[in-house]
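Order of the sequence lines sets the chain letters (A, B, ...), proteins ahead of strands, with each chain counted from 1. In this text the structure is predicted, and so the values were computed from the model without any measurement.
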Number of protein chains: 2
Amino acid sequence: MPKSSTVNKTPIACTDHNHEHCIEEALIKAEQLCAKRGARLTALRRNVLRLIWKNHAPLGAYDLMDMLAEEDTRRVAPPTVYRSLEFLLDQGLIHRINSLNAYVGCHSPSDDHEEYFLICRECGVAVEVPAKEISRAIDKNAEAMGFTIETQTLEVVGLCPNCK
Amino acid sequence: MPKSSTVNKTPIACTDHNHEHCIEEALIKAEQLCAKRGARLTALRRNVLRLIWKNHAPLGAYDLMDMLAEEDTRRVAPPTVYRSLEFLLDQGLIHRINSLNAYVGCHSPSDDHEEYFLICRECGVAVEVPAKEISRAIDKNAEAMGFTIETQTLEVVGLCPNCK
DNA sequence: TTGGTTGCTGTTATATTATTACGTTTCAGA
DNA sequence: TCTGAAACGTAATAATATAACAGCAACCAA
Ligand SMILES: [Zn+2]
Ligand SMILES: [Zn+2]
Ligand SMILES: [Zn+2]
Ligand SMILES: [Zn+2]
């Protein structure tokens, strides 16, 4: 079954899984990637990334500030967390969900991938889905209208398997 | 040429056209639609819609407030304009562009249509494009993952024909 | 090591976008 | 004309994000 292995199935974020493993893996990947690029994953940035990965639902910047305050006993000001978010976005380690003003960990930060999000309006989980075909269709369409595309944002809201 | 008439071409918003006509037409359509539905397109709401249609680039809520102030010599507070926006959104007369926190007139408010936006990062123009096929592909994909989709948001940023 | 440069973080203030709460006015329908 | 619901006015505030500048730490070249 060479093709059927790529068939969609229930995303891991919606299953009862070992989530500590998700976090661990994401942090290791991030460290490797930053090392390779000569980018500095500082303690603060690593912390922000870890907190973002704490669950599969996007987190707002001010949520992150609160969580940092709880852990560190020291209040962090908005610019601090926004700068970390900017770094993580630049490195492709997280994505921003515009419709939620929130941030979520990226599942394949090493690829230069096109992706979109299935967001559950009930539990908040955001599942990242590869968007290669869709993305290409959009590109082609836009090209025919004389547009040159630089970035695409596709966000889909509905109900996840658990919340139905 | 029965099919080729549906082929994409340079969108009207990116051409040198009689824009007064765009505005006029949008307002007439809006009036007819609201009349048919028994919805009240009040002076304020009509005004907000007209200002949104003043060009083909999305406008922020506070831009609208400023424009209303200029015209009316009377300051309008945020809730006032946000309520009008909510009404216009509910009636499908405008769309919200999440990535810009801005609002733009809808080209086919009478249909229950799936649409997406090509946004020029240079001149700000936002072109509405029907997204039927793409939308269906996304639905099908999501279904296979156990998601039930309620709303989709696709926003594409790039350069329009004029700004290239 | 030293000194210079760059990048990261801290801090204060402020900008931008949006909502809550409550009182008043308007208006369609009885 | 009366009445209830919808629309609007107003003040306060919430939520999200950025600007501007100062201090510090890491890195590199001399
Ligand atoms: Zn997990
Ligand atoms: Zn859910
Ligand atoms: Zn026009
Ligand atoms: Zn343009």
query = When the distance from CZ of B/Arg37 to P of D/dA6 is rounded to whole Å, what number comes out?
reply = 18 Å
key: Nearest-nucleotide comparison on DNA chain D, the residue closer to the 5′ end among A/Pro78 and B/Pro78   = B/Pro78
inquiry  = Please determine whether any donor N or O and acceptor N or O are separated by less than 3.5 Å between the side chain of B/Tyr62 and the base of C/dA18.
reply    = yes
ask   = Do B/Asn47 and B/Leu68 touch side chain to side chain, with heavy atoms closer than 4.5 Å?
value = yes
query = According to a strict under-4.0 Å criterion, is A/Thr42 in side-chain N/O contact with OP1 or OP2 of C/dT9?
reply = yes
task = Grab the CG-P distance between A/Asn47 and C/dC8 for me, whole Å please.
result = 17 Å
ask   = Between A/Asp66 and A/Arg75, is there a side-chain N and carboxylate O pair less than 4.0 Å apart?
value = yes
ask   = In a check of side chain to side chain contact (heavy atoms under 4.5 Å, CB included) between A/Val81 and each of A/Asp63, A/Val48, A/Leu51, A/Leu44, which one passes?
value = A/Val48
request  = Would you please confirm or rule out a distance under 4.0 Å between OP1 or OP2 of D/dC8 and any side-chain N or O of B/Arg75?
outcome  = no
ask   = Which residue, A/Glu71, A/Glu70, A/Glu24, forms the salt bridge (charged side-chain N to carboxylate O under 4.0 Å, His left out) with A/Lys54?
value = A/Glu71
request  = Let me know, please, whether B/Arg45 or B/Pro79 comes out on the 5' side of the other along DNA chain D by nearest nucleotide.
outcome  = B/Arg45
request  = Tell me whether the OP1 or OP2 atom of C/dG7 has a side-chain N or O from A/Arg40 closer than 4.0 Å.
outcome  = no
request  = In whole angstrom, give the distance that lies between atom OH of B/Tyr82 and atom C1' of D/dT13.
outcome  = 14 Å
note = Atom CG of B/Leu64 and atom P of D/dC8 are separated, to the nearest Å, by 15 Å
task = Let me know the distance between CG of B/Leu44 and P of C/dC27, rounded to the nearest Å.
result = 13 Å
Side chain of B/Asn101 - closest among C/dC8, C/dT11, C/dT17 = C/dT17
key: Under 4.0 angstrom between B/Tyr103 side-chain N/O and C/dA18 OP1 or OP2   = yes
ask   = Can you find a donor-acceptor pair, distance only, under 3.5 Å between A/Arg83 side chain and C/dG7 base?
value = no
query = Separation of A/Asp90 atom CG from C/dC8 atom P, in whole Å?
reply = 10 Å
message = Using a 6.0 Å cut-off, check whether atom CD of A/Glu150 has over 12 heavy atoms from anything other than its own residue.
response = yes
Spacing of A/Phe87 atom CZ relative to C/dT9 atom C1', expressed in whole Å = 14 Å
note = Of B/Gly60 and A/Val76, the one whose nearest nucleotide on DNA chain C sits closer to the 5' end is A/Val76
request  = Grab the CZ-P distance between A/Arg46 and C/dC8 for me, whole Å please.
outcome  = 17 Å
